[in-house]
Amino acid sequence: MNLQSEKTLRFAKNALKSHLVAMAADKGIKISAARAQIAADIGVDPSSIRQFLNGEIIKPASKTMQKYVDWLEVNPEKGEKSEPKSEEDRRDKEIAELKDVIRIVEQDRENLRLKYVEAKRQLEAMEIVDPAHAEKYQAVHPENSYWMQNSEAYIKVYTHDDLNEDNKRLFTMPIPDLLEFIPRVESESHEEWKLRTNKLTEERKQLIVRLSEQIANVYLNCGFPEQYVGVDLVTSRRHIG
């Protein structure tokens, strides 16, 4: 038998494809699982079968082809059908085979997508705790961590769902000095000094209020898909305004 002939290659490809589909249907497993099981029985890597059936490998190595042929001789297709006699029958058979190939490729693509999503999640989890990526994920430099606990006010920005039951902090902006303390001038009474201090302090409060409103407006127009962004302005004692 010429292992590299078109007839042998076509026989091996069609027979392996039929075994994959039949096993997946009979056992209720994914095509990838059926391919792994058949590959183990034959003694080849599952990727070899996948690449052969997908056309990525046109002519497998003679050693591999021999394994395919030997296994297929021992494991003939169940309910093996005779070759279609008419052109229409041949075309229908080819369409069915192509549909099987498409189904196999789509399943492989979905498995690859899921692997990508999981690998990306693991990478992000590792980067978060990696000092080399501190600039990307770190909320505040360690030397400024004091202000995250000892500021007069904070602008807290977070995402949340429709029910507002799952708030996730995006970032917190510390405002170190909210209250304005100014020295008294010599001719100024205590009441005048207090009024002036209160006025400057209120101006600072309004400045921060406007900033928090601007941040909320930015995320209202440039926010995250399917998520809402909340902005809270709080002091160390109470909400402002």
Side-chain angles (χ1 to χ4, degrees), residues 1-133 136-137 161 224-227:
M1 177 185 293
N2 184 356
L3 296 174
Q4 301 296 332
S5 69
E6 291 297 327
K7 183 178 180 180
T8 304
L9 290 169
R10 185 169 58 251
F11 158 74
K13 180 179 290 189
N14 292 339
L16 287 170
K17 192 186 309 175
S18 296
H19 276 288
L20 281 177
V21 174
M23 179 179 288
D26 292 344
K27 296 188 175 183
I29 59 178
K30 294 181 178 180
I31 289 292
S32 57
R35 182 169 53 242
Q37 185 170 333
I38 290 176
D41 292 342
I42 296 175
V44 297
D45 190 273
S47 63
S48 299
I49 297 179
R50 176 178 57 79
Q51 292 170 344
F52 179 40
L53 297 186
N54 290 348
E56 299 172 35
I57 296 178
I58 305 299
K59 292 185 178 182
S62 297
K63 184 178 179 180
T64 302
M65 275 299 299
Q66 188 64 62
K67 289 183 177 181
Y68 290 157
V69 171
D70 290 344
W71 186 84
L72 290 170
E73 286 180 354
V74 178
N75 299 274
E77 295 181 63
K78 295 180 180 179
E80 191 172 348
K81 299 179 181 180
S82 60
E83 285 294 319
K85 298 179 180 180
S86 69
E87 182 64 29
E88 184 177 352
D89 289 339
R90 281 193 292 271
R91 185 169 60 250
D92 289 344
K93 183 175 184 294
E94 185 176 354
I95 289 173
E97 291 173 350
L98 289 174
K99 286 182 177 179
D100 288 340
V101 171
I102 290 173
R103 185 161 55 250
I104 293 171
V105 172
E106 286 180 344
Q107 183 63 59
D108 287 339
R109 183 173 59 188
E110 176 62 13
N111 291 339
L112 182 61
R113 186 190 69 81
L114 293 175
K115 288 181 180 179
Y116 166 78
V117 171
E118 177 60 19
K120 189 171 185 294
R121 185 194 66 78
Q122 293 180 5
L123 175 62
E124 290 175 348
M126 294 174 65
E127 284 187 341
I128 288 174
V129 297
D130 185 354
H133 294 86
K136 181 177 180 181
Y137 294 101
D161 57 19
F224 304 95
E226 301 179 358
Q227 283 186 308

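Reckoned from all heavy atoms, side chains included, excluding hydrogens, waters and symmetry mates. Sequence positions, counted from 1, serve as the residue numbers for this chain.
In this view, Val21 and Asp100, Arg103 satisfy the side-chain contact (heavy atoms from CB on, under 4.5 Å) rule, not counting sequence neighbours. Residues satisfying the side-chain contact (heavy atoms from CB on, under 4.5 Å) criterion with Lys99, sequence neighbours excluded, are Ile95. Under the side-chain contact (heavy atoms from CB on, under 4.5 Å) criterion, Lys115 pairs with no residue at all, not counting sequence neighbours. Evaluation of the side-chain contact (heavy atoms from CB on, under 4.5 Å) rule for Arg109 yields Glu106 as partners, not counting sequence neighbours.
Gln37 CD to His19 NE2: the interatomic distance, rounded to the nearest 0.5 Å, is 12.5 Å. From Ile102, atom CD1 reaches atom CG of Leu98 across 6.5 Å, with rounding to the nearest 0.5 Å.
The two residues Ala34 and Ala24 come nearest to each other via the heavy atoms CB-N, 4.1 Å. Across all non-hydrogen atoms, the minimal contact from Ile31 to Leu20 is CD1-O, 4.0 Å. Among all heavy-atom pairs drawn from Leu53 and Lys13, the shortest one is CD2-O, 3.5 Å. Nearest heavy-atom pair across Val74 and Pro76 is O-CD, 3.3 Å. Here the closest non-hydrogen pair linking Pro46 and Ala36 is CG-CA, 4.0 Å.
Between the Gln4 side chain and the Pro60 main chain, a donor and an acceptor come within less than 3.5 Å of each other.
Counting only N and O atoms by type, the side chains of Asn111 and Gln107 include a donor and acceptor under 3.5 Å apart.
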Hey, mind stepping through Arg91 and Glu94 against salt bridge (charged side-chain N to carboxylate O under 4.0 Å, His left out) and telling me if it holds?
CA-CA 5 Å; Arg91 185 169 60 250; Glu94 185 176 354; over 6 Å; no
Give the table of side-chain donor-acceptor pairs shorter than 3.5 Å for residues 62-72, with sequence neighbours excluded, one pair per line with atom names and distance.
unit_1, atom_1, unit_2, atom_2, d
Gln66, NE2, Asp70, OD1, 2.8
Lys67, NZ, Gly43, O, 3.1

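Side-chain contact between Asn75 and Ile38 is absent, with no heavy-atom pair separated by less than 4.5 Å.
Residue pairs meeting the side-chain hydrogen bond (donor to acceptor under 3.5 Å, both in side chains) criterion with at least one member in residues 43-58, sequence neighbours excluded, are Asp45-Ser47.
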